[in-house]
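A short worksheet on the structure shown next.
Counting starts at 1 for both ligands and their atoms, following the listed order. All values below come from the heavy atoms of this structure, side chains included, with hydrogens, waters and symmetry mates left out. Here the structure is a predicted model, which is why all the values come from computation and not from measurement.
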Amino acid sequence: MSITSIDKNKNTDLVLPRHVVIVMDGNGRWAKKRYMPRSAGHHAGVKATRKTVENCLVNNIKVLTLFAFSSENWKRPEQEVNSLMELFVSALQAEVKELHKQNIKICFIGECSAFSEKLQEKIRQASELTHENTGMVLNIAVSYGGRWDIAQACKIIAEKIVDKKLDVSDINAELLSQYVCLADLPEPDLFIRTGGEKRISNFLIWQLAYTELYFSDVLWPDFDQKELEKAIHWFSGRQRRFGKTGEQLTNLV
Ligand code: FPP
């Protein structure tokens with residue numbers, strides 16, 4: 001991937017995040033406020049997801065990573081899990097062709113083997129169809145957990161040590177970074193969580209080390225272009241120090 005520096009949007013002079021990650025929270029509450037079943041909130045959530053992909057394209061975001069279903073979401077009532085699975089199948093069925101036309105590369109992270117054969121097939125088709133695309137990268141995290149991610153990276157490293165391809169002394173943060181999910185992409189610049197909760201909920205916990213964290217009270221189905229642009233404006237005003245002092249950055253010493 002050839003993204004090396006933060007893009008400057010010429011029209012607005014904003015410092016744009018290259019990689020935006022989103023915890024799409026609040027579907028259930030959105031539905032409850034309307035005396036509707038939670039599944040109606042998830043349906044509205046899919047519409048907001050589709051619009052957000054468009055809005056990220058408009059705003060020249062290069063990588064978008066969405067938390068669609070966590071390792072822990074399996075603990076929800078069976079009926080809700082089933083309705084979410086059906087929704088994922090129908091959303092992929094309805095959207096992938098258009099996303100492909102827009103040159104979007106769709107990738108999935110997480111333990112996809114936990115899903116039904118039908119959903120796994122949709123996931124495979126979407127990944128294969130869009131594999132060569134060179135536009136925005138859209139990562140969808142499904143049955144994903146940050147702790148699982150770190151553990152699977154450790155497992156790969158351990159196997160390489162057993163096979164004598166790596167030595168214990170090779171283990172450091174840089175090496176681990178090469179085996180967690182999204183290793184081939186720029187690290188997330190901007191994390192957005194909707195729905196008012198201020199937590200990371202086991203999403204990309206390794207990758208978020210230096211990400212700017214933005215929390216919005218808006219429920220996910222109501223998250224629109226204006227809300228995305230608010231988050232981008234906020235990001236643009238952040239001073240990212242990566243451990244350095246503010247003086248080092250402003251005086252370039
Ligand atoms: C959290 O809201 C949302 C989810 C667990 C599901 C998110 C999924 C979508 C928005 C669909 C996206 C689809 C694709 C194909 C990417 P919640 O149910 O926890 O809301 P609550 O906190 O108000 O109860």
So which protein heavy atom does [atom] come closest to, and at what separation?
{"atom": "atom 11 (C) of ligand 1", "value": "V46 CG2, 3.7 Å"}
{"atom": "atom 4 (C) of ligand 1", "value": "H42 CE1, 3.9 Å"}
{"atom": "atom 3 (C) of ligand 1", "value": "M24 O, 3.3 Å"}
{"atom": "atom 19 (O) of ligand 1", "value": "R76 NH2, 2.7 Å"}
{"atom": "atom 8 (C) of ligand 1", "value": "A68 O, 3.6 Å"}

Subset of ligand 1 atoms that lie under 4.0 Å from at least one heavy atom of G45: 10 (C)
For R29, atoms of ligand 1 separated by under 4.0 Å from a heavy atom: 21 (P), 22 (O), 23 (O)
Is the closest N or O pair between [X] and ligand 1 shorter than 3.5 Å?
{"X": "N73", "value": "no"}
{"X": "G28", "value": "yes"}
{"X": "W30", "value": "no"}
{"X": "D25", "value": "yes"}

Where Q239 and E212 come nearest, the two heavy atoms and their spacing: O-OE2, 4.5 Å
Residue pair A231 / L190: nearest heavy atoms and the distance that separates them: O-CD2, 4.0 Å
Under 3.5 Å side-chain donor-acceptor pair for E229 and Q225: yes
Flag, side chain of T130 to backbone of I106, donor-acceptor distance under 3.5 Å: yes
Main-chain N/O of R147 paired to N202 side chain as donor or acceptor, under 3.5 Å: yes
Location of contacts on K47 toward ligand 1, heavy atoms closer than 4.0 Å: neither
Residue portion contacting ligand 1 (non-hydrogen atoms closer than 4.0 Å) for N27: both
Neighbour count above 12 (heavy atom, 6.0 Å) for F242 CZ: yes
Against ligand 1, does [X] come closer than 4.0 Å with any heavy atom?
{"X": "R38", "value": "yes"}
{"X": "T49", "value": "yes"}
{"X": "E197", "value": "no"}

Aromatic ring proximity, centroids under 6.0 angstrom, W74 and F115: yes
Using 4.0 Å as the upper bound for N to carboxylate O, is an ion pair formed by [Y] and [X]?
{"X": "K230", "Y": "E227", "result": "yes"}
{"X": "E54", "Y": "K51", "result": "no"}
{"X": "E117", "Y": "K122", "result": "no"}
{"X": "D189", "Y": "R240", "result": "yes"}

Closest to atom 14 (C) of ligand 1 among F88, F69, F67 (heavy-atom distance): F88
